[in-house]
Amino acid sequence: MRIRRHNSDQHDSAHGIDLAPMLDFVLNLLIFFIITAIFVKEVGLTVSRPTDVNQSNEESSSIQIQVLDTGEIFVDNRLVDLRAVRANVERLKALNSDAGVLIVADVAAQTGIIMGVVDQARLGGIYNITFSTTE
Amino acid sequence: MKNKRYASADGEDHGIDLAPMLDFVLNLLIFFIITTSFIKEAGVTVVRPEASTAENREDGNILVALRPNGEVWMERHRVDMREVRAAIERLHIERPDDTVVILADKSSPAGLLAKVMDEVRQGGITEISIAAENTGG
């Protein structure tokens with residue numbers, strides 16, 4: 001700051017164009033952009049919703065996982081623990097390698113449990129995950 | 001640009017040469033202008049569900065937050081479920097490459113999540129991801 005003022009004073013009294021106002025403006029712009037810059041990026045899991053067109057089609061070839069409002073998880077109509085979902089998905093994927101996962105959740109089920117199931121399915125090697133709810 | 005040249009000519013006569021500093025500051029300025037991302041913050045903090053396979057969403061700039069009590073937040077305001085679609089349509093027109101990240105609280109109901117996902121899709125953005133806390137492993 002001292003250097004700049006010293007210099008601009010000299011310019012004013014001597015000759016040439018006074019750079020100080022431009023420099024002030026540019027520095028203000030710079031500070032504005034530094035402050036407003038946000039470098040945080042969200043991490044997440046991509047989940048799709050069933051479309052009306054292929055809903056019936058998808059249900060036939062996919063692994064169905066049901067989540068109840070109590071937090072219980074059913075894979076193929078069998079009650080399983082959250083940590084066992086991965087193993088079940090891997091087993092069913094071995095039977096039908098191009099299957100997707102269809103999560104059918106109760107409307108009152110907690111998002112945390114659904115995301116746990118999505119995570120387990122992805123660990124089991126299936127990234128095509130559809131999420132629907134029962135009315 | 002012409003101004004700067006005048007300044008360096010001055011520098012040869014007397015005083016400190018401002019031109020290199022000005023160049024540097026302008027470069028910094030351009031860098032920050034370019035890297036500024038226009039993230040639409042949701043405005044509330046939520047407890048994210050945990051996941052070990054969470055991926056970075058580079059263009060996930062539109063954030064929609066769901067709270068456990070069923071509130072939906074967008075752009076630092078609480079919005080009604082019926083406003084989500086219109087808001088997404090507007091943001092989609094502004095920046096067509098942006099995708100949506102839903103910040104769903106761990107204990108928010110699945111029915112709400114499904115409804116919001118449908119509203120976002122009807123607003124024209126089909127790529128939706130749900131934010132998670134990366135637990136690694």
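To find a chain, count down the sequence lines: A is the first, B the second, and so on, and within it residues start at 1. Computed from a predicted model, the values in this text were never measured in an experiment. Side chains included, hydrogens not; waters and symmetry mates left out as well; all remaining heavy atoms used.
- Atom CD in A:E42 sits 14.5 Å away from atom CD in B:E55 (nearest 0.5 Å).
- In this structure the side chain of A:F131 reaches within 4.5 angstrom of the side chain of B:L113, judged on heavy atoms.
- There is no path of hydrophobic side-chain contacts, each under 4.5 Å, that joins A:I73 to A:L68.
- No other option in A:D119, A:V47, A:L29 has as many heavy-atom pairs under 4.5 Å with chain B as A:D119.
- From B:T53, atom OG1 reaches atom CD of A:Q120 across 9.0 Å, with rounding to the nearest 0.5 Å.
- Of the listed residues B:A131, B:A132, B:A114, the one with more heavy-atom pairs under 4.5 angstrom with chain A than any other is B:A114.
- Between B:A104 and A:T111 the shortest heavy-atom distance is CB-CG2, 3.6 Å.
- B:S129 approaches A:G44 most closely through the heavy-atom pair CB-C, 4.5 Å.
- Neither the backbone nor the side chain of B:I30 comes within less than 4.5 Å of any heavy atom in chain A.
- Between A:L123 and B:S52 the shortest heavy-atom distance is CD1-OG, 3.7 Å.
- Taken from CG in B:L26 to CE in A:M22, the straight-line distance is 5.5 Å, to the nearest 0.5 Å.
- Cluster membership for A:F25 and A:F33, using ILVMFWY side-chain heavy atoms within less than 4.5 angstrom, is shared.
- The two atoms that bring B:P109 and A:A108 nearest to each other are CB-CA, 4.5 Å, heavy atoms only.
- Interface residues of residues 80-90 of chain B toward chain A, defined by a heavy-atom distance below 4.5 Å: none.
- The part of B:L63 that comes within reach of chain A is its side chain, from C-beta onward, which places non-hydrogen atoms under 4.5 angstrom from that chain.
- A:V43 and A:I129 fall into different hydrophobic clusters, where Ile, Leu, Val, Met, Phe, Trp and Tyr are joined by side-chain heavy atoms under 4.5 Å apart, directly or via other members.
- Considering every non-hydrogen atom in both A:L45 and B:A54, the closest pair reads CD2-CA, 3.5 Å.
- Contact check for B:R57 versus A:T46: side-chain heavy atoms found under the 4.5 Å cut-off.
- B:I93 and B:I128 are assigned to two separate hydrophobic clusters, defined by single-linkage of ILVMFWY side chains at heavy-atom distances under 4.5 Å.
- If you measure heavy-atom distances from B:V25 to chain A, the contacts under 4.5 Å come from both the backbone and the side chain.
- By number of non-hydrogen pairs under 4.5 angstrom with chain A, the leading residue of B:V101, B:D118, B:D105 is B:D118.
- For A:D69, no part lies near chain B; criterion is any non-hydrogen pair under 4.5 Å.
- Linking Ile, Leu, Val, Met, Phe, Trp and Tyr whenever their side-chain heavy atoms come within less than 4.5 Å leaves A:L79 and A:V67 in two separate clusters.
- In this structure, the side chain of A:R49 does not engage the main chain of B:M117 through any donor-acceptor pair within 3.5 Å.
- Between A:M115 and B:P49, the shortest heavy-atom distance links the atoms CG-CG, 3.4 Å.
- Contacts with chain A were tallied for B:A51, B:P68, B:A110; B:A110 has the most, counting heavy-atom pairs under 4.5 Å.
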